[in-house]
Every structure is written in C-alpha cells, then in structure tokens.
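Heads up, the thing below is written out as structure tokens.
Note on naming: letters A, B, ... go to the chains in the order of the sequence lines (proteins, then strands), and numbering restarts at 1 for each one.
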Amino acid sequence: MRLFDTLSREVRELHPIDGKTFRFYCCGPTVYGPAHIGNFRTFVLQDVFRRVLEIGGLATRHVRNVTDVDDKTIRGANEAGQPLEQFTGHWLELFERDAAALGLLPPHVQPGAVAHIPQQIDMIQRLLDRGHAYQSGDGSVYFRVASFEDYGRLSHLDQRELKHGASTTAGSGADRPAADPAAAAAATANDADEYDKDSVADFALWKRHKPEDGGIAWDSPWGRGRPGWHLECSAMIEHYLGTDFDLHSGGVDLVFPHHENEIAQSCCAAGGSFARHWFHINHLMVDGGKMSKSLGNLHTIDDLGARGHDPMAVRYVLLSGTYRRPLNFTLDSLHDAGSALARLGKFAAALQRRADQPAPGYEELRGLGGELADSRFGPSWQALNEDLNTPAALGRLFTAVRKVKPDQLQPAEAARLWRAFQALVHGALGLTLPVPAADGAPADSATNADAPDDVKSLADRRWQAKQDRDFGLADNLRAELLAAGWQVMDRKDGYDLNPAP
RNA sequence: GGCGAGGUAGCCAAGUGGUAAGGCAGAGCUCUGCAAAAGCUCCAUUCGCGGGUUCGAUUCCCGCCCUCGCCUCCA
C-alpha cells in the first residue's frame with residue numbers, strides 16, 4: 001500500500017523493514033477523562049490502516065501507548081482523591097469500551113508510561129552521558145535541542161525559527177504583535193511552567209517533584225520526580241519495537257513538538273533512524289469549527305449514544321473524509337451515515353441469503369486482498385491501498401452495490417462476492433452492518449407492546465376495516481391514531497405502530 | 001508575524017490538464033386500496049473571486065477574499 005509520509009512529504013510505498021511484520025507505533029490516549037470523537041478519528045484511521053495491511057496479507061505489530069502520568073492525570077487523580085492508577089484505570093476502561101464499540105482492533109501491545117519508569121530513566125541517563133541532556137539547578141533534566149542537528153525536520157521548522165520564537169517568548173511579549181492573545185497566553189503558561197533551561201526550546205526529560213503533584217513521584221538519580229511526556233514514547237518504542245521501525249502515527253497536532261522531540265531523544269540516546277514513515281491524521285472539526293468544551297460540541301460516544309446514534313455511524317462518518325484534511329462533523333452527517341449503513345446492511349443481507357454462507361470472522365478475512373482486488377469491489381480496495389482514501393473507497397463501494405443484483409447471481413458467484421464484500425466492509429473498513437428486520441416480522445415488536453390499550457384497539461379496528469375493504473373507515477381511524485400520536489404502517493400480515501414523528 | 005491545510009450541488013465529501021465519484025436529502029417511476037418500506041431513474045455546463053499560461057483549467061501560476069490548524073506538553 002502507498003501512504004503519505006509527513007517527513008518526506010511524499011506518498012510512499014510501505015514495506016516492512018524485516019520483510020515479514022509491519023511494526024508501527026501509535027500515540028494513544030491520555031486517560032484523564034472521556035475520549036471524544038476527535039480522538040477517535042485518529043484511532044479509527046489507524047485501525048483501518050492496520051486492517052488494510054492485514055487483509056492484504058501482511059502481519060503487523062501494533063503498539064499503542066496509554067499516557068497515564070502527566071499534568072492532567074495527576075491533577076485529576078488528586079482532585080478525585082484517588083491513587084493515580086485507580087483514576088487512570090477507570091478512564092482506560094471507558095476508553096477501551098468505546099474503542100470496542102467503534103470496532104477498533106485492540107493493539108498487540110498497549111504499554112503505559114507508569115509501568116516503564118526504569119526504561120525512561122535509563123534513556124535519560126544515556127542522553128546525559130552523551131551530552132544531549134543536562135540537569136538544571138532545580139532538579140529537572142532537560143534535552144538540549146541545539147545538540148541535535150536534525151531538530152525541526154519533521155515539522156519543517158528550522159532551528160533559526162525556533163530560536164526566534166524562543167527569544168520572542170523570553171521578551172515577555174514586548175516585540176510580539178498585540179493581536180495574538182493565544183500566543184501570549186502560551187508564552188505566559190510557558191514562563192510559569194518551565195524555567196532554568198539553557199534555551200526555551202529545550203524540553204523536560206525528567207520533571208522534579210512539585211508540591212501540587214501530591215504523592216505522585218518516583219525516585220531517580222536526579223531526585224524525586226516524574227518523566228516528561230515525550231520520553232515515554234521514545235522509551236517504550238525502543239523497548240517494544242527497537243531503534244528502527246516501520247511507521248509512527250498520531251494526530252497532526254503531535255507533529256510538533258511531541259514527535260519532533262521523540263525523534264531527538266531516540267536518535268540521540270540509541271542511534272538508529274527511528275520511524276521510517278510518519279502517518280498523521282488531521283483534526284475533526286464540529287459544525288465547521290474547532291471542537292471545544294465551552295462550545296458544547298465535544299461529542300463522546302456516550303453522548304451520541306444517548307441521542308440514539310450507533311457507534312458504527314460515528315465510525316462511518318470518521319471514514320467519510322480523507323485523513324489528510326480536516327473533516328467536518330455534524331449531527332446531520334451522523335444521521336446520514338446511519339441511513340447509508342442501513343442500505344449497506346440490506347444489501348449485505350440479500351447477498352448473504354443468496355450466498356447461503358455464514359459471515360466470516362476477521363481472522364478468516366485476513367489475506368483475502370488478492371481475491372478482493374479481483375472482485376467487483378476491487379476499485380474500492382484499490383482506493384484504500386492508494387493513500388488510504390476511505391471516502392473514495394466508500395463511494396466505489398456504493399457504485400458496486402448498485403450494480404450487483406444479489407437475487408440474480410449464481411449461488412457460487414454470490415458466495416465469492418460475499419467473501420469479497422466482507423473482506424472489504426467488515427475486514428478493511430471495520431464496519432459492522434445493521435441487520436435488517438426479517439421480512440414479515442414486526443420491524444420493532446416492542447413498539448406495538450408499548451402502545452396504550454386504547455390505541456391498540458383503535459389500530460385493530462382499522463386493520464379489520466382494511467380487511468373488510470372499508471378504506472374510508474380505515475383512513476379515518478388512521479387519522480385518529482395519528483392525532484393520538486401514533487403512526488401506523490402496514491405489513492403484509494399486520495401492522496406496526498410507531499410514535500408519530 | 002512564520003509555517004501549513006482548505007474553500008466542489010441543500011448538507012457531508014472524493015477527484016482530475018481534456019471537460020465533475022459517492023452518501024444523505026429532494027423529485028419522478030414501479031410496487032402496494034392509500035400510505036410506509038423497498039427497488040429503479042433523475043438531480044453541479046460547473047468546482048470562493050479576479051487575472052494569466054494552455055488547443056483546453058475546477059485541476060498549473062499570480063493577486064485578492066474567507067475558513068481552519070500548528071508555532072513547546074491538545075488526537
């Protein structure tokens with residue numbers, strides 16, 4: 001498959017370094033609160049990426065970390081009066097529940113920072129030994145950005161620009177344009193949080209313990225404290241994937257400084273060339289703007305579920321735009337996604353009936369890429385392999401769906417197509433389709449039971465009138481039912497009552 | 001201020017130097033007593049605005065307007 005690489009800014013073919021297993025690392029969630037659908041855009045795209053490799057026949061090793069110690073988790077745990085592990089464990093559990101609902105394959109390894117403190121201390125020591133880090137007077141350890149020539153290559157910021165930014169910050173905004181409150185605020189926060197550094201661009205590897213951290217601290221050769229955020233990824237990557245691995249991924253906002261800092265730490269501590277390919281997913285917007293808690297548009301799987309939206313519809317929406325561009329999420333698009341999925345579900349049911357085969361599980365679908373490529377769904381599969389173009393894949397899927405008439409296929413042909421369809425939709429895209437109501441059965445039998453008795457008797461009278469071909473009376477009774485708030489819809493052998501819209 | 005992404009039908013959204021995928025919504029038809037559901041068909045001479053290059057531009061170049069992101073711990 002081909003994929004855009006942030007570092008080279010080119011679409012490049014992917015090959016595993018060892019020729020067998022594609023090994024990749026994804027920056028995972030910080031577990032201090034509920035994950036929102038913007039977070040999940042990144043994880044869903046990473047999931048489809050992995051699925052495309054696996055359906056294509058490649059083995060993968062997927063490592064996704066959990067950030068379980070940082071400013072936010074410490075603050076949250078202390079405010080909740082809970083031990084850090086209990087606090088983060090709770091949010092991790094909810095994250096995994098949402099991830100499962102969205103159809104995400106669990107990573108092969110899901111390491112947390114807290115469980116890898118020794119590895120991080122070891123890496124800091126090596127950086128100090130090699131002269132890439134220094135201990136400041138306050139007991140923190142910083143990485144010396146100036147010691148790494150390639151710093152800024154990933155984000156395409158050169159050191160000159162970074163220094164310029166640094167001097168502006170140090171000047172307390174005196175030479176900063178007045179109309180830039182966000183940058184001014186960032187500079188203020190920066191002044192408050194970081195000090196005693198040789199250069200403002202330098203970042204913390206080890207943060208000395210502060211009173212507000214409470215009891216959350218670890219012993220180190222440099223005193224009590226905790227590791228810096230960037231370090232956990234570098235240390236765990238080295239531990240689980242080594243110094244050279246195939247791909248690193250995360251949201252676009254991580255390009256700088258997080259991934260830039262990881263590269264610096266890892267290359268300086270261990271040598272090696274770190275990630276061969278960088279896969280960054282652009283942000284999700286809501287109603288045309290940035291998501292934010294204050295605007296009340298920070299949706300979670302729970303919120304949307306309470307409004308009656310299926311997690312699979314969320315997944316569909318997240319796949320409906322290309323990962324390299326911002327995607328605009330609206331409740332309308334979520335509703336549309338539900339309709340689109342229902343249509344696919346009906347097609348799937350018809351095809352499966354004709355094929356007379358059970359739905360294959362994910363493991364059975366792995367490696368079916370070749371078969372899929374040769375099927376009617378080949379163009380859709382091709383779109384996924386060409387820079388993970390999920391919207392084009394969905395478009396071509398519907399084009400194929402409209403052409404195929406399941407009832408007119410030979411059973412053997414239907415069976416082949418069913419496998420290809422499943423490999424694409426369930427395997428690669430990771431969509432679980434809604435099962436349409438069986439023909440002749442009530443669409444929602446619970447709804448009829450929910451109706452009050454007088455409504456039910458009214459509906460029965462209408463059904464009888466219809467059987468008697470007294471359509472005038474039947475229509476009058478239908479109007480009465482509607483006035484009472486119930487809509488009646490006929491089936492061949494009965495009717496369904498639903499609350500009127 | 002620096003760097004970057006983008007403005008495509010009512011909404012969401014692909015794409016290409018050769019004349020605009022797809023989904024949803026909408027309309028028509030078929031089928032049903034009528035509805036609904038389902039299936040089929042239709043639905044942008046046009047791609048923010050103004051120039052330029054070209055036989056030809058939505059696609060390349062220049063300018064302008066607007067939106068969004070990053071610029072030190074946010075996926």
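- Taking the C1' atoms as reference points, B:rC73 lies 40 Å from B:rU59, given to the whole Å.
- For A:M489, whose side chain is taken as the heavy atoms from C-beta onward, the closest listed nucleotide among B:rG33, B:rG15, B:rA36 is B:rA36.
- When heavy atoms are screened at a 4.0 angstrom cut-off, A:G228 is found touching no nucleic acid atom at all.
- A salt bridge is defined here as a Lys NZ or Arg NE, NH1 or NH2 lying under 4.0 Å from an Asp or Glu carboxylate O, and A:D213 with A:R208 fails to meet this definition.
- The separation between A:N282 atom CG and B:rA75 atom P is 15 Å, rounded to whole Å.
- With hydrogens and angles ignored, a donor-acceptor pair closer than 3.5 Å exists between the side chain of A:D490 and the base of B:rC34.
- Interface remark: the A:D475 side chain does form a donor-acceptor pair with the B:rG33 base, using a distance-only criterion of under 3.5 Å.
- No side-chain heavy atom of A:T88 sits less than 4.5 Å from a side-chain heavy atom of A:F95.
- No side-chain donor-acceptor contact under 3.5 Å links A:H116 and A:Q120.
- Applying the Watson-Crick and G-U wobble criteria (two distances, each under 3.5 Å), B:rG33 pairs with nothing in any strand.
- In this structure, A:R462 pairs ionically with A:D490, as a charged nitrogen and a carboxylate oxygen lie closer than 4.0 Å.
- Rounded to an integer number of Å, the gap from A:Y495 OH to B:rC34 C1' is 18 Å.
- Put simply, the side chain of A:K405 and the base of B:rC40 share no donor and acceptor less than 3.5 Å apart.
- In the model, A:D310 has no side-chain atom that pairs as donor or acceptor with a side-chain atom of A:Y316 under 3.5 Å.
- Using C1' as the reference atom, B:rG28 and B:rC60 are 42 Å apart when rounded to the nearest Å.
- We find that CZ of A:F329 is positioned 20 Å from C1' of B:rU67, with the value rounded to whole Å.
- Pairing of B:rA9, defined by two Watson-Crick or G-U wobble distances under 3.5 Å, is not identified with any nucleotide.
- One interatomic measurement links the two molecules: CG of A:L331 to C1' of B:rC11, which rounds to 13 Å at whole-angstrom precision.
- The same atom, P, is picked in B:rU19 and in B:rC12; the two are 27 Å apart, to the nearest Å.
- In this entry B:rU72 has no Watson-Crick or G-U wobble partner, no candidate having both defining distances under 3.5 Å.
- Counting any heavy atom pair closer than 4.0 Å across all strands shown, A:R226 reaches no nucleic acid atom.
- The nearest heavy atom of RNA chain B to A:R9 and to A:V488 marks one nucleotide each, and the one closer to the 5' end goes with A:R9.
- Remark: A:R64 is not positioned above the aromatic ring of A:Y25, lacking an NZ or CZ atom under 6.0 angstrom from the ring centre and at most 45 degrees off the axis.
- For B:rC64, the paired nucleotide is B:rG48, the pair qualifying as Watson-Crick or G-U wobble because both relevant distances are below 3.5 Å.
- Taking every side-chain heavy atom of A:D253 into account, B:rA75 is the closest of B:rA75, B:rG33, B:rG69.
- With contacts defined as side-chain heavy-atom distances shorter than 4.5 Å, the pair A:P257/A:F203 does not qualify.
- Taking every side-chain heavy atom of A:N39 into account, B:rA75 is the closest of B:rG33, B:rA75, B:rU72.
- On the P atoms, B:rG52 is 24 Å away from B:rA20, given to the nearest whole Å.
- Residue-level contact check: A:D70 touches neither bases nor backbone, having no heavy atom under 4.0 Å from any strand.
- Side-chain contact check for A:E262 versus A:C27: some heavy-atom pair is nearer than 4.5 Å.
- When each of A:K403 and A:R469 is assigned the nucleotide of RNA chain B with its nearest heavy atom, A:R469 is the one assigned upstream, toward the 5' end.
- Within the 4.0 angstrom heavy-atom criterion, base atoms lie near A:H283.
- The phosphate of B:rC12 (OP1 or OP2) has a side-chain N or O of A:N328 nearer than 4.0 angstrom.
- Rounded to whole angstrom, the span from the NE2 atom of A:H259 across to the P atom of B:rA75 amounts to 11 Å.
- Between the P atom of B:rA13 and the OH atom of A:Y323 lies a distance of 17 Å, rounded to the nearest Å.
- Using a 4.0 Å heavy-atom criterion, one finds that A:H280 contacts no nucleic acid atom at all.
- Atom CG of A:L205 and atom C1' of B:rC73 are 13 Å apart (whole Å).
- Across all strands shown, B:rA57 forms no Watson-Crick or G-U wobble pair with both distances under 3.5 Å.
- One C1' atom belongs to B:rC64, the other to B:rG7, and the distance between them is 14 Å to the nearest Å.
- Using a 4.0 Å heavy-atom cutoff across all strands shown, A:N261 reaches no nucleic acid atom at all.
- Applying the ring-ring contact (aromatic ring centres under 6.0 Å, His included) test between A:H258 and each of A:H280, A:H230, A:H248 identifies A:H230 as the sole match.
- With B:rG15, B:rA75, B:rG33 as the candidates, the nucleotide lying closest to the side chain of A:N389 is B:rG15.
- Side-chain atoms of A:T73 and A:D70 include a donor-acceptor pair closer than 3.5 Å.
- Taking only side-chain nitrogens and oxygens, A:K346 never comes nearer than 4.0 Å to OP1 or OP2 of B:rG39.
- Checked for salt-bridge contact, A:D460 and A:K456 miss the test: no charged N lies under 4.0 Å from a carboxylate O.
- A:L327 comes within 4.0 angstrom of sugar-phosphate atoms only, judged by non-hydrogen atoms across all strands, and of no base.
- Using a 4.0 Å heavy-atom distance criterion, A:T322 is classed as a sugar-phosphate-only contact.
- At a threshold of 4.0 angstrom between heavy atoms, the contacts of A:I281 with the nucleic acid are absent.
- For B:rA44 and B:rG10, the C1' atoms lie 12 Å apart once the distance is rounded to whole Å.
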Next on the checklist: What does the B/S/- profile of nucleotides 20-26 of chain B look like, 5' to 3', with a 4.0 Å heavy-atom cutoff to protein?
Outcome noted: -BSBB--
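- Here B:rG33 presents its C1' atom at 13 Å from CG of A:D468, a figure rounded to the nearest Å.
- Spacing of C1' atoms, B:rC40 relative to B:rG51, comes out at 46 Å, to the nearest Å.
- OP1 and OP2 of B:rU67 both lie 4.0 Å or more from every side-chain N or O belonging to A:R325.
- Within the nucleic acid shown, A:G321 comes within 4.0 Å of sugar-phosphate atoms alone, with no base atom in reach, counting heavy atoms only.
- Taking atom C1' in both B:rG6 and B:rA13, the straight-line distance is 13 Å, to the nearest Å.
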